Amino acid sequence: MNAFASSKDNTELPYTTLSDKDSKKIINRAKSLELFKKAKKIVKSEGYELNGKRIAVHLNEADTNVAYFYLEERNKKNKNKDELNPFIAIADGGESFIQLAKYEKNGILHSKLYKNNTLFNETYINKDGLFQKGSYVFIEEYTYDLTEMNNKILEEDNDVNKDNMVTASFSWSTFWSCIKKQGKDSAPLRTMVMSACYYVCLTGPPSCITCTAINAGLTLGQAGYCVKKAW
């Protein structure tokens, strides 16, 4: 997905772009943190490297700035082929996120999400957006098998009028449909974002909007725009 898509109607996006001067300050501050240095070691061990692309934005609901450092797989041919945006994100509040994602040879989207340099989830998602064996989220001392959510995903895909997936106020159906309309069918990417934010979205709009905006790679306009449409 294009990382710099824009809103197509009057829906307010969940982030504000910053001036070059402010962006530079935020990016340099993030680079100086031990969190960032440790994150770089993790991505290196996972076979990724910084690709030189970086941005900083202000997330409105969280009232915080986030610096994004985009990644690419080392020694990979056709690096832009999959239209994925793996990244390191550093928030002003001292939180870090690493989202790694790649398509395996069998077409399965394999992703890993680290929060504060600790693995939060690992997923394997097929072309229909369903979790495959080995997909888990780790919350404190608990491990949750994400394949148990496949029935809920199917319910949402089969009935766009049903909003029972998270809360009455957030519609995964609308989010699903909106992302799909922005370009090619991206069911695996939709599910990847859900795996990171499903439990967070139970707590309400600010946390949910921030989580989905961050973990969609900011795919800036598209994911951000669709998150706002879903509330």
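The analysis underlying the following values was restricted to heavy atoms, covering all of them including side chains, and did not include hydrogens, waters or symmetry mates. Since the model is a prediction, treat every value here as computed from it, not as a measurement.
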*Does some side-chain heavy atom of Lys127 sit less than 4.5 Å from a side-chain heavy atom of Tyr103?*
no
Checking Arg74 side chain against Glu49 main chain: does a donor-acceptor pair fall under 3.5 Å? no
- Going by atom types alone, do His58 and Asp22 pair a side-chain donor with an acceptor below 3.5 Å? no
Tell me whether Asp20 at atom CG has more than 12 heavy atoms from other residues, nucleotides or ligands lying less than 6.0 Å away. no
Q. Between the side chain of Asn28 and the main-chain N/O of Lys24, is any donor-acceptor distance below 3.5 Å?
A. yes
Fill in: Aromatic plane relationship, His110 with Tyr124 - under 30° parallel, 30 to 60° tilted, over 60° perpendicular
parallel
Report task. Assess the side chains of Asn116 and Thr118: does a donor N or O sit below 3.5 Å from an acceptor N or O? Result -> no
Check whether any side-chain N or O of Ser111 sits under 3.5 Å from a backbone N or O of Ala101 as a donor-acceptor pair, and report yes or no.
no
One should read off an interatomic distance between Tyr70 OH and Lys53 NZ, to the nearest 0.5 angstrom, of 6.0 Å
| Donor + acceptor pair across side chains of Ser135, Thr147 (<3.5 Å) | no
Separation between OG (Ser195) and OH (Tyr136), nearest 0.5 Å, reads 14.0 Å
Examine distances only and state if a side-chain atom of Asp128 and a backbone atom of Leu130 form a donor-acceptor pair shorter than 3.5 Å. no
- [ ] Taking Thr191 for its side chain and Pro188 for its backbone only, find out whether a donor-acceptor pair lies under 3.5 Å.
- [x] no
Output for pair (Ile98 CD1, Glu46 CD), nearest 0.5 Å, gives 8.5 Å
Does Asn65 reach the main-chain N or O of Asp92 with its side chain, forming a donor-acceptor pair under 3.5 Å? no
Value for CD1 (Ile125) from CD (Gln132), rounded to nearest 0.5 Å, stands at 9.0 Å
- Classify the angle between the aromatic ring planes of Tyr142 and Tyr144 as parallel (below 30°), tilted (30 to 60°) or perpendicular (above 60°). tilted
Note: Val137 and Asn121 closest approach over all heavy atoms is CA-CB, 3.7 Å
| query | Is any side-chain heavy atom of Val43 closer than 4.5 Å to a side-chain heavy atom of Ile88? | reply | yes
When every non-hydrogen atom of Phe120 is compared with those of Ala196, the smallest separation belongs to CE2-O, 3.7 Å
Side chains of Tyr114 and Glu122: do they bring a donor and an acceptor to under 3.5 Å?
no
- Item | Side chain Asn117, main chain Leu35, donor-acceptor under 3.5 Å | yes
*asked:* Counting the benzene-type ring for Trp, do Phe36 and Phe69 have ring centres under 6.0 Å apart?
replied: yes
